[in-house]
Amino acid sequence: MGAAMRRIHVGNALSAFGLGFTVPYLYVYVAQVRGLGSVTAGLVLAVFAVAALVVLPFAGRAIVRRGPQPVLLAALVTAAVGALSLGVSGQAGTVLLSAAALGAGQAVMQPALATMIVDCSTAETRSRAFAMQFFLQNLGLGVGGLIGGHLVDTSSAASFTLLFAIEAAMFLVLVVVMATVRMPHAPRVGAAPGQSAKGSWKRLLGDRAMVQLCVLGFVLFFACYGQFESGLSAYGVEAAGISTSALGTALAANTLVIVIAQFAVLRFVERRKRTRVIAAVGLIWAVAWAVAGYAGLGHGSQAMATAAFISTYALFGLGEAMLSPTVAPLVADLAPTGMAGQYNSAFALVKQLALAVGPAVGGPLGASLHAPYIVIFVLFSLGISVLAVRLGRQLTDVQNQPWQAKSRVVTQGGAPAGSVAAAEA
């Protein structure tokens, strides 16, 4: 890794650390510590999702026109203001506005950092760069949640003020770090005459491969990440009798598998067709849901049910480790020259939609309709494999197997590799 990539990975780790540092404790902070009630606390969590859905369509266009670095710096400042304001807010209105600023800033960080990785990597190094990003994000989330949990005290509002102040200071430190990144020159389309926001979205929606990848991405995030802390946990408690401590162990097992397996899995997947890897993930997750079915419906001992439930989260972690060097680089390689920011933001928007819809659908199903819940998500997982195979028919050999590229820069969006390389020189 060059100096620029190292700083970008520091940014990924610290932004994830900030998310894990405060978000798990938002509900308790708003509902109990500030005494604003469960309704306001629920609205704060909803505002996070809504803010992301509002800003992401504009973030892609801004990244395309201005570059990812200025957009990232603006997002960091916005998130810092939101975090600091949230720590001192005591009224419902200011809490909601602060949460909107923090949620919008954190949402824009994702595509901006992803686009910086694209600009600082080549076809040969991109999969490893995104694998490192995913590894550091999970590490940051875990460490942030652990440290934040030891700092908070529900009987003291000052402890939460300190928590949010530390998060705001971290974002401002990250502004300084990321401002020093010397980005390589990357083509932008901002100066192109007639290139409107509507035109760029029309161009993206006209890309059949990207549209299919977005559909596939929605199913991926809906069937996995959208269930972790809602439907699957509710199913585990209600159907399998899983204790809260066992649920925590299951989440830890998921993170542990990712941390241990990430780079071993990378060696396995980086020379295989990307769509075949995604199809394999669908099969692994179908097995994971079947194991969850045994945990809640198998009528075995409680110890066996708990072990099966923990194994479900571990299998999900294995699939996630396989996806991290596969899906994000594919989004980048589908993007035409200078459009990586637009494509990354569109995919982030799809992810956010899935994470908003997933808990709303999965929560009630997992809590009450146990057998249908398992059957539905086994079918969703098998659908991932089907969609991946269909996507493979839309990709070029180089997009699906990037190691076949002879040049250091993969052909993107039909542009000759030589022209892209010349644009980056």
Side-chain angles (χ1 to χ4, degrees), residues 1 5-26 45 48-49 51-52 55-56 59 68 71-73 75-80 82-83 86 99 101-118 120 128-152 163-164 166-178 181 221 224-226 228-229 251-252 254-263 316-317 320-321 323-325 327-328 344-345 347-348 351-352 354-355:
M1 293 186 296
M5 187 66 81
R6 284 195 295 272
R7 284 179 171 83
I8 292 168
H9 283 319
V10 168
N12 274 304
L14 290 181
S15 63
F17 176 87
L19 189 64
F21 199 55
T22 57
V23 170
Y25 314 108
L26 270 176
L45 297 177
F48 263 79
V55 299
L56 281 171
V71 174
L72 175 62
L73 297 179
L76 288 168
V77 172
T78 302
L86 196 56
L102 179 58
Q106 289 181 331
V108 174
M109 289 179 204
Q110 299 177 33
L113 285 165
T115 306
M116 291 176 76
I117 290 176
V118 173
C120 291
R128 288 185 173 270
F130 277 104
M132 177 64 77
Q133 178 200 34
F134 188 69
F135 171 83
L136 291 173
Q137 281 178 341
N138 279 274
L139 196 61
L141 284 170
V143 173
L146 182 64
I147 295 176
H150 283 83
L151 286 178
V152 297
L163 195 74
F164 287 107
I166 292 173
E167 183 184 28
M170 181 201 66
F171 285 135
L172 293 177
V173 169
L174 194 51
V175 167
V176 177
V177 173
M178 301 310 293
V181 176
F221 293 115
C224 176
Y225 300 94
F228 269 7
E229 297 176 2
L251 289 166
N254 174 265
T255 302
L256 186 63
V257 167
I258 292 171
V259 170
I260 292 175
Q262 182 64 83
F263 294 102
F316 275 122
E320 292 173 74
L323 287 176
S324 62
V327 175
N344 282 324
S345 294
F347 198 76
K351 176 182 177 180
Q352 195 63 45
L355 294 181

Heavy-atom closest contact ([X] atom, [Y] atom, distance):
X: A168; Y: A80; result: CB-O, 3.4 Å
X: L102; Y: A79; result: CD1-O, 3.5 Å
X: K351; Y: Q110; result: NZ-OE1, 4.0 Å
X: C120; Y: I8; result: SG-CD1, 3.7 Å
X: P111; Y: S345; result: CB-OG, 3.4 Å
X: A328; Y: F130; result: CB-CD2, 3.4 Å

When rounded to the nearest 0.5 angstrom, what is the spacing between [atom1] in [X] and [atom2] in [Y]?
X: M5; Y: H9; atom1: CE; atom2: NE2; value: 5.0 Å
X: N344; Y: T115; atom1: CG; atom2: OG1; value: 4.0 Å
X: L72; Y: M109; atom1: CG; atom2: CE; value: 7.0 Å
X: N254; Y: F316; atom1: CG; atom2: CZ; value: 9.0 Å

Kindly indicate whether the side chain of [X], heavy atoms from C-beta on, has any atom under 4.5 Å from the side chain of [Y].
X: L139; Y: I258; value: no
X: N12; Y: M132; value: no
X: L136; Y: F17; value: no
X: F48; Y: Q352; value: no

Contacts of type salt bridge (charged side-chain N to carboxylate O under 4.0 Å, His left out), residue R128, not counting sequence neighbours: E270
Are side-chain N/O atoms of Q106 and S15 paired as donor and acceptor at under 3.5 Å?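 No, because no side-chain N or O of Q106 sits under 3.5 Å from a partner of the opposite role on S15.
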With sequence neighbours left out, what residues match I260 under side chain to side chain contact (heavy atoms under 4.5 Å, CB included)?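 Testing I260 for side chain to side chain contact (heavy atoms under 4.5 Å, CB included), a comparison that skips the adjacent residues, returns L256.
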Can you list the residues that meet the side chain to side chain contact (heavy atoms under 4.5 Å, CB included) rule with A101, with sequence neighbours excluded?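 Testing A101 for side chain to side chain contact (heavy atoms under 4.5 Å, CB included), a comparison that skips the adjacent residues, returns T78.
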So F171 and L14, side chain to side chain contact (heavy atoms under 4.5 Å, CB included) or not? Walk me through it. CA-CA 8 Å; F171 285 135; L14 290 181; over 6 Å; no
Under the 3.5 angstrom rule, does the side chain of Q262 hit a backbone N or O of A321 as a donor-acceptor pair? yes
